Protein chains: 2
Amino acid sequence: MKHDAQGKDVKLKILNAAKKLFAKKGFEGTTVRQICDEAGVALALVSYHFGGKENVFYALFETFAPSFLQKEYDLADPIDDLKSLIREFALFRLAEPELINLLQQEVMMQSPRLEKVQNIVYALWLQLRAILEAGKRQGQFDYESLRHTVHFVVGTLIFTRNSPFLDPVLQLKEDLSVKEDQEDVIRYTISYILSGLKCSAQ
Amino acid sequence: MKHDAQGKDVKLKILNAAKKLFAKKGFEGTTVRQICDEAGVALALVSYHFGGKENVFYALFETFAPSFLQKEYDLADPIDDLKSLIREFALFRLAEPELINLLQQEVMMQSPRLEKVQNIVYALWLQLRAILEAGKRQGQFDYESLRHTVHFVVGTLIFTRNSPFLDPVLQLKEDLSVKEDQEDVIRYTISYILSGLKCSAQ
DNA sequence: GTCTATATCGGGATAGAC
DNA sequence: GTCTATCCCGATATAGAC
């Protein structure tokens, strides 16, 4: 029975290797050979199990972001809705930073692959839009342009702090091995965004 | 003399084509053939004039972002400094959205090319960090974590609104051909960020 | 300086042994 | 199901004519 389960194991090893490499070097910048080396399996297995590099990409999201963003917001309390949305996104980002990174890359270059995947996150952003509109209508948020405000909030949320590219700027003296408290990150994010929306009642 | 100047013309045509395509499809996702087709010149001219695709990338930044971010901030008035910095970045982003888009892609995937180019924008972010620290010291900004705050502000700034990827979310009814007033965009951005920093005296 | 034709390399996918 | 060896295509870069 160890033999029977081996297929699943290999598929997962490939997915994890691909997740890591795609996030780091991009979809096009990653070769199937690199993926298989990283996973410690033979070159042919990507085609055998997934039917090509492209399908590994899709499988990544199906596997690691299956139940992402089911939540519905009734807009009765936009402030609370927004807090929930920020939390939901932040938790996913903390859990799957590579996936967010990859998604962000694809979004920036409007890749053809995005189409089959964008609904994962578009649903969330539609909710964000609705929350912002409701909050303004009810006088809890204050902003001039819906369009720019959506961009600001999405920018704040999506710009993953896990990317080390700002490290040279920040010259972190803190010990990074100490895992940061998720709740702190969420609290900072909520505070920045709600203040940015001139929301007094936080 | 038309002949003598033609070299410059071709180089510029290649650079503009590359800027457009790199921003849209990424460095690796763009082929030299596509660049030359878009520019309307022969395939060989990229190698002839630039010595390869990679050097076209570097020439892009040398050509279109030469005097970016010369400004020095003395930190005497952090609020004013931050406003200036936001304006400076926003103007560049409005002038060269493709370049920001490309830079953002490279940053996300930590491309090896980034090294020769990152100083262009790292200088700005170091200034941002200094301004944020000074502003907190002087009691004008209020935040808990410098690290996250830098990320928030950079995220807000860099997430270019020119990328059409949020259009389906925003279902823009506004006529996009009407050029938006730069000053409005800058004003919105300053307002969001300064509020996010709990800066009362805007 | 610019073009066409081609050499060379590398990547994805597959054939076939085990 | 997994491996090695190979095919085939497409991409960069170059050679050489004009």
Side-chain angles (χ1 to χ4, degrees), chain A residues 1-60 63 102 105-106 109 111-114 116-117, chain B residues 1-60 63 102 105-106 109 111-113 116:
Chain A
M1 51 174 62
K2 192 186 171 191
H3 246 84
D4 295 343
Q6 211 142 0
K8 279 285 172 192
D9 188 44
V10 166
K11 285 182 82 167
L12 203 62
K13 280 199 285 187
I14 289 174
L15 284 173
N16 279 313
K19 183 165 67 169
K20 176 177 169 184
L21 289 167
F22 284 164
K24 178 153 185 171
K25 319 189 47 113
F27 178 81
E28 319 242 22
T30 302
T31 71
V32 175
R33 286 176 169 83
Q34 289 171 335
I35 295 172
C36 292
D37 284 355
E38 175 79 27
V41 301
L43 173 64
L45 292 187
V46 159
S47 282
Y48 178 79
H49 282 294
F50 295 95
K53 179 182 169 184
E54 184 130 355
N55 290 112
V56 175
F57 177 87
Y58 299 125
L60 230 41
T63 307
L102 177 55
Q105 289 174 33
E106 298 282 310
M109 60 181 71
S111 96
R113 295 170 290 285
L114 197 60
K116 295 186 191 169
V117 153
Chain B
M1 51 173 64
K2 193 185 169 193
H3 244 84
D4 295 342
Q6 212 141 0
K8 278 285 171 192
D9 189 45
V10 166
K11 284 182 82 166
L12 203 60
K13 280 200 285 187
I14 289 174
L15 285 172
N16 278 313
K19 183 166 67 170
K20 178 178 168 183
L21 290 167
F22 284 165
K24 178 154 185 171
K25 318 188 46 113
F27 178 81
E28 318 243 21
T30 302
T31 72
V32 176
R33 276 176 231 275
Q34 290 170 335
I35 295 172
C36 292
D37 284 354
E38 176 79 25
V41 301
L43 173 64
L45 293 186
V46 158
S47 282
Y48 178 79
H49 283 294
F50 296 94
K53 180 181 167 184
E54 184 131 354
N55 289 111
V56 175
F57 178 88
Y58 299 126
L60 230 42
T63 307
L102 176 56
Q105 289 174 31
E106 297 283 311
M109 60 180 70
S111 95
R113 295 170 290 285
K116 295 186 191 169

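The structure presented is a predicted model; accordingly, all values stated were derived computationally and were not measured. In what follows, every chain begins at residue 1, and chains take the letters A, B, ... in the order their sequences are listed.
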Completion exercise
Separation of dG10(C) atom P from Asp37(A) atom CG, nearest Å, is 15 Å
Handout entry: Between C1' of dT14(D) and CG of Leu43(B), the distance in whole Å
Key = 10 Å
Handout entry: Any donor-acceptor N/O pair, Glu38(A) side chain to Ala18(A) backbone, under 3.5 Å
Key = no
Fill in the blank from the handout: To the nearest 10 degrees, the angle between the two end axes of the helix from dG1(C)-dC18(D) to dC18(C)-dG1(D) (five pairs per end) comes to 10°
Completion exercise
Ile35(B) atom CD1 is separated from dT2(C) atom P, nearest whole Å, by 16 Å
Practice task
Kindly say whether, by distance alone, the side chain of Arg33(B) makes a donor-acceptor pair under 3.5 Å with the base of dG10(D)?
Solution key: no
Problem - Spacing of CD belonging to Glu106(B) relative to CD belonging to Glu28(B), to within rounding of 0.5 Å - result: 8.0 Å
Completion exercise
Gln34(B) atom CD is separated from dG10(D) atom C1', nearest whole Å, by 11 Å
Problem - Pairwise distance CG(Leu102(B)) to CE(Met109(A)) - rounded to 0.5 angstrom - result: 8.5 Å
Practice task
Report the nucleotide, chosen from dA13(C), dT2(D), dT2(C), that has the shortest atom-to-atom distance to any side-chain atom of His49(A).
Solution key: dT2(D)
Practice task
Side chain of Thr31(A) only, please: which of dA13(C), dT4(C), dG11(C) is the nearest?
Solution key: dG11(C)
Exercise for the section: Taking the side chain as every heavy atom from C-beta outward, state whether Asp9(B) and Lys13(B) have any atom pair closer than 4.5 Å. Expected result: yes
Completion exercise
Which of dT14(D), dA13(C), dT2(C) is nearest the side chain of Ala44(B)? It is dT14(D)
Exercise for the section: Using a heavy-atom cut-off of under 4.0 Å over every strand shown, decide if Val46(B) touches base, sugar-phosphate, or nothing. Expected result: nothing
Exercise for the section: Considering only NZ, NE, NH1 and NH2 on the basic side and carboxylate oxygens on the acidic side, decide whether Glu54(A) and Arg113(A) come within less than 4.0 Å. Expected result: no
Exercise for the section: For the side chain of Tyr48(B), starting at C-beta, report the closest nucleotide among dG1(C), dG11(C), dA13(D). Expected result: dG1(C)
Fill in the blank from the handout: The residue, Val32(B) or Leu45(A), whose nearest nucleotide of DNA chain D is more 5′ is Leu45(A)
Practice task
To the nearest 0.5 Å, tell me how far Lys19(B) NZ sits from Thr30(B) OG1.
Solution key: 14.5 Å
Practice task
Can you tell me the distance, in whole Å, between the NZ atom of Lys53(B) and the P atom of dA11(D)?
Solution key: 9 Å
